[in-house]
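Owing to the predicted nature of the structure, the values given are computational and were not obtained by experimental measurement.
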Amino acid sequence: MMDERRDMALAIKSCLDSLMDDATKCDLDDLARFISLAALAAEEAAMAFDPKAAQLKALMSGGAGHC
């Protein structure tokens, strides 16, 4: 169950990162900041459900996946 939650949080973070990039490209700075906060929350949720959170942090620093 914890793996499913972690995977879902990672998928949501990936989509939010993509949306944030799109908002930044369109000069929607306020929206990009708001989405970045949501992406941060998704990353924290993923780390909370991962016993190997340090390894996850290294993964999240790269460009894993695209929505």
Side-chain angles (χ1 to χ4, degrees):
M1 182 65 148
M2 289 181 74
D3 286 341
E4 290 177 18
R5 288 180 178 213
R6 183 198 65 220
D7 292 346
M8 181 60 66
L10 288 174
I12 290 169
K13 182 186 181 328
S14 178
C15 289
L16 288 169
D17 286 341
S18 179
L19 286 172
M20 183 180 63
D21 290 342
D22 291 344
T24 301
K25 289 175 188 172
C26 293
D27 295 324
L28 300 171
D29 296 330
D30 290 338
L31 180 59
R33 275 189 232 108
F34 178 76
I35 294 171
S36 72
L37 291 174
L40 180 61
E43 180 179 351
E44 289 176 359
M47 289 174 55
F49 291 108
D50 192 343
K52 299 177 183 174
Q55 292 174 351
L56 178 63
K57 185 70 173 174
L59 174 68
M60 299 309 294
S61 66
H66 182 72
C67 180

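Considering CE of Met47 and CG of Leu10, their distance stands at 10.5 Å, rounded to 0.5 Å. Interatomic distance, SG of Cys15 versus CD1 of Ile35, reported as 11.5 Å (0.5 Å rounding). One distance of note links CG of Leu19 with OG of Ser36; it measures 12.0 Å at 0.5 Å rounding. Note that CG of Leu28 and CE of Met20 are 13.0 Å apart. Values are rounded to the nearest 0.5 Å.
The side chain to side chain donor-acceptor pair (under 3.5 Å) contacts involving residues 21-30 comprise Asp30-Arg33, where partners must be two or more places apart or lie in separate chains.
Considering every non-hydrogen atom in both Ala39 and Lys13, the closest pair reads O-CG, 3.8 Å.
A search for side chain to side chain contact (heavy atoms under 4.5 Å, CB included) contacts involving Ala9 returns Ala45, Ala46, not counting sequence neighbours. Scanning for side chain to side chain contact (heavy atoms under 4.5 Å, CB included) contacts around Leu40 gives Glu43, Glu44, with sequence neighbours left out.
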